[in-house]
Amino acid sequence: MIAIEVPRRFASLVKIEHTVFALPFAYVGAFLAVGDVPRTHDLVWITVAMVGARSLAMALNRLIDAQIDARNPRTAGRELPAGRLTAVQVIAFCAGSLALFLIAVWQLDPLVRWLWPIPVVGFVVYPYLKRVTWLSHLWLGAVDGLAPVGAWAAIRGDVPWQAWALGGAVAAWVAGFDLFYSLFDLEIDRAQGLHSWATRWGTDGVFWGARALHALTVGLLIGAGLGLSVGALYWVGVAVVAALLVYEQLLIRPADLRRLDAAFFTMNGVISVTFFAAVLADTLVA
């Protein structure tokens, strides 16, 4: 029973199901980098790298924020503050995740063997930012935006402006929905002296900030498409993403946040999977 329970606790620690947010956009970067279906070897190792990197990022976040989580009723039940995992166990998990990430990196283009410290530094810095600045959401977005850029570099060994446009789109998308996420802890963050967009600009500021960032997401996807040889289905994907982002904004209102869970978890998973499906279909029919 213990042999089953411990892995389950680690899967819960890193919210393994939320990989659906980042992994499809890594695949988008890989497919658009070659304008075709990438080699199986590359896709497998990009997947392994993403799993390792995301597991490391989430475990570090939980480890660094364990005391803050313990003081927040919403997060006090997480594995570390609840005592279901120990700090030593999570540190060992971080080491294993980093090793997995590096093994994968070394199977891909030599360029990424030089670039791997960049996301790792981003993972370490992010949890500390809420202690000093309300701009932490933008940092999170930038770190997640490395997914399509890294996948592109892992296959082609370069990072042209189109790759950065894709990364910027992901960064703006993630930062935008993370602004909404900050509303969950608005009052507790204020009480603890923590910083977020919500504590600085209030609920209305969160909505305006998210709208601007999500408009930027669509603009950057359009820009990337104009710089690449893409077909009609890519543009269908962009249109669907735009429509889903508008719908996400309509799900909740500043005075009514009851459907915030649906907007954050369900819609953003649909957005990433749908856009990858459009890119995949566009590649296969080209």
Side-chain angles (χ1 to χ4, degrees), residues 18-55 100-116 118-119 141-174 216-245 268-286:
H18 293 176
T19 304
V20 72
F21 294 160
L23 188 56
F25 274 104
Y27 292 153
V28 165
F31 276 74
L32 293 179
V34 296
D36 202 344
V37 178
R39 295 185 306 155
T40 301
H41 170 275
D42 291 332
L43 285 177
V44 167
W45 286 111
I46 285 171
T47 302
V48 174
M50 285 293 297
V51 170
R54 192 187 173 282
S55 298
L100 183 66
F101 175 55
L102 292 179
I103 289 169
V105 163
W106 251 256
Q107 313 309 311
L108 297 163
D109 189 271
L111 176 62
V112 293
R113 300 175 192 175
W114 294 96
L115 299 180
W116 70 263
I118 296 174
V143 172
D144 281 0
L146 293 174
V149 179
W152 185 301
I155 290 180
R156 280 193 21 172
D158 63 358
V159 280
W161 71 265
Q162 294 93 333
W164 290 111
L166 289 170
V170 174
W173 168 61
V174 171
L216 179 59
T217 296
V218 176
L220 287 169
L221 290 177
I222 291 171
L226 292 173
L228 295 166
S229 179
V230 297
L233 291 177
Y234 176 92
W235 298 111
V236 170
V238 173
V240 171
V241 168
L244 289 172
L245 287 172
N268 287 298
V270 171
I271 286 168
S272 60
V273 172
T274 299
F275 188 64
F276 170 61
V279 170
L280 174 61
D282 191 61
T283 301
L284 294 176
V285 302

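Note that the coordinates shown come from a computational prediction; the quantities given were computed from them, not determined experimentally.
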(Q) Taking Asp36's backbone N and O only, do any of them form a donor-acceptor pair with Thr283's side chain (distance below 3.5 Å, no angle check)? (A) no
Q) Are Val230 and Leu32 close enough, and set up right, to give a side-chain contact (heavy atoms from CB on, under 4.5 Å), and what steps lead you there? A) CA-CA 8 Å; Val230 297; Leu32 293 179; 4.1 Å; yes
Q | Test item: Val149 and Trp152 side chains (from C-beta on) under 4.5 Å apart, heavy atoms | A | no
Q | Heavy-atom pair with the smallest gap, counting every atom of Ala30 and Ala151 | A | N-CB, 4.0 Å
Q: Among Asp42, Val37, Leu43, Val44, find the one that has a side-chain contact (heavy atoms from CB on, under 4.5 Å) with Thr40.
A: Val44
Q.
As an exercise, state the distance from CG of Leu100 to CE of Met50, rounded to the nearest 0.5 Å.
A. 12.0 Å
Q: Under the ring pair (Phe, Tyr, Trp, His ring centres under 6.0 Å) rule, collect the residues that match up with Phe275, sequence neighbours excluded.
A: Phe25, Tyr234
Q. Stepwise, does the side chain to side chain donor-acceptor pair (under 3.5 Å) test hold for Trp173 with Asn268?
A. CA-CA 9 Å; Trp173 168 61; Asn268 287 298; 2.9 Å; yes
Q: Begin with the C-alpha distance, continue with both residues' side-chain angles, and end with the deciding distance and a verdict on side-chain contact (heavy atoms from CB on, under 4.5 Å) for Leu233 and Leu284.
A: CA-CA 10 Å; Leu233 291 177; Leu284 294 176; over 6 Å; no
Q) Hey, is CH2 on Trp164 packed in by over 12 heavy atoms from elsewhere, all under 6.0 Å? A) no
Q.
Using modelled atom types and a 3.5 Å cut-off, is there a donor and acceptor pairing between side-chain atoms of Thr274 and backbone atoms of Ile271?
A. no
Q: Taking all heavy atoms of Gly52 and all of Phe101, pick out the closest pair and write down the distance.
A: C-CB, 4.2 Å
Q. Which heavy-atom pair separates Leu220 from Ala169 by the least distance, and what is that distance?
A. CD1-N, 3.4 Å
Q: Kindly say whether Leu111 contributes a backbone atom to a donor-acceptor pair with the side chain of Asp109 at under 3.5 angstrom?
A: yes
Q. Could you go step by step and tell me if Leu108 and Ile155 meet the side-chain contact (heavy atoms from CB on, under 4.5 Å) rule?
A. CA-CA 7 Å; Leu108 297 163; Ile155 290 180; 5.7 Å; no
Q. Any idea which heavy atoms bring Ser272 and Pro24 closest together, and the distance?
A. O-CB, 3.4 Å
(Q) Any heavy-atom pair between the side chains of Tyr27 and Thr47 that's under 4.5 Å? (A) yes
Q. Do the non-hydrogen side-chain atoms of Leu166 and Leu221 ever get within less than 4.5 Å of each other?
A. yes
Q: Mind listing the closest non-hydrogen atom pair of His41 and Gln107 along with its distance?
A: CE1-O, 3.0 Å
Q) Shortest non-hydrogen contact from Ile46 to Ala26? A) CG2-CB, 4.4 Å
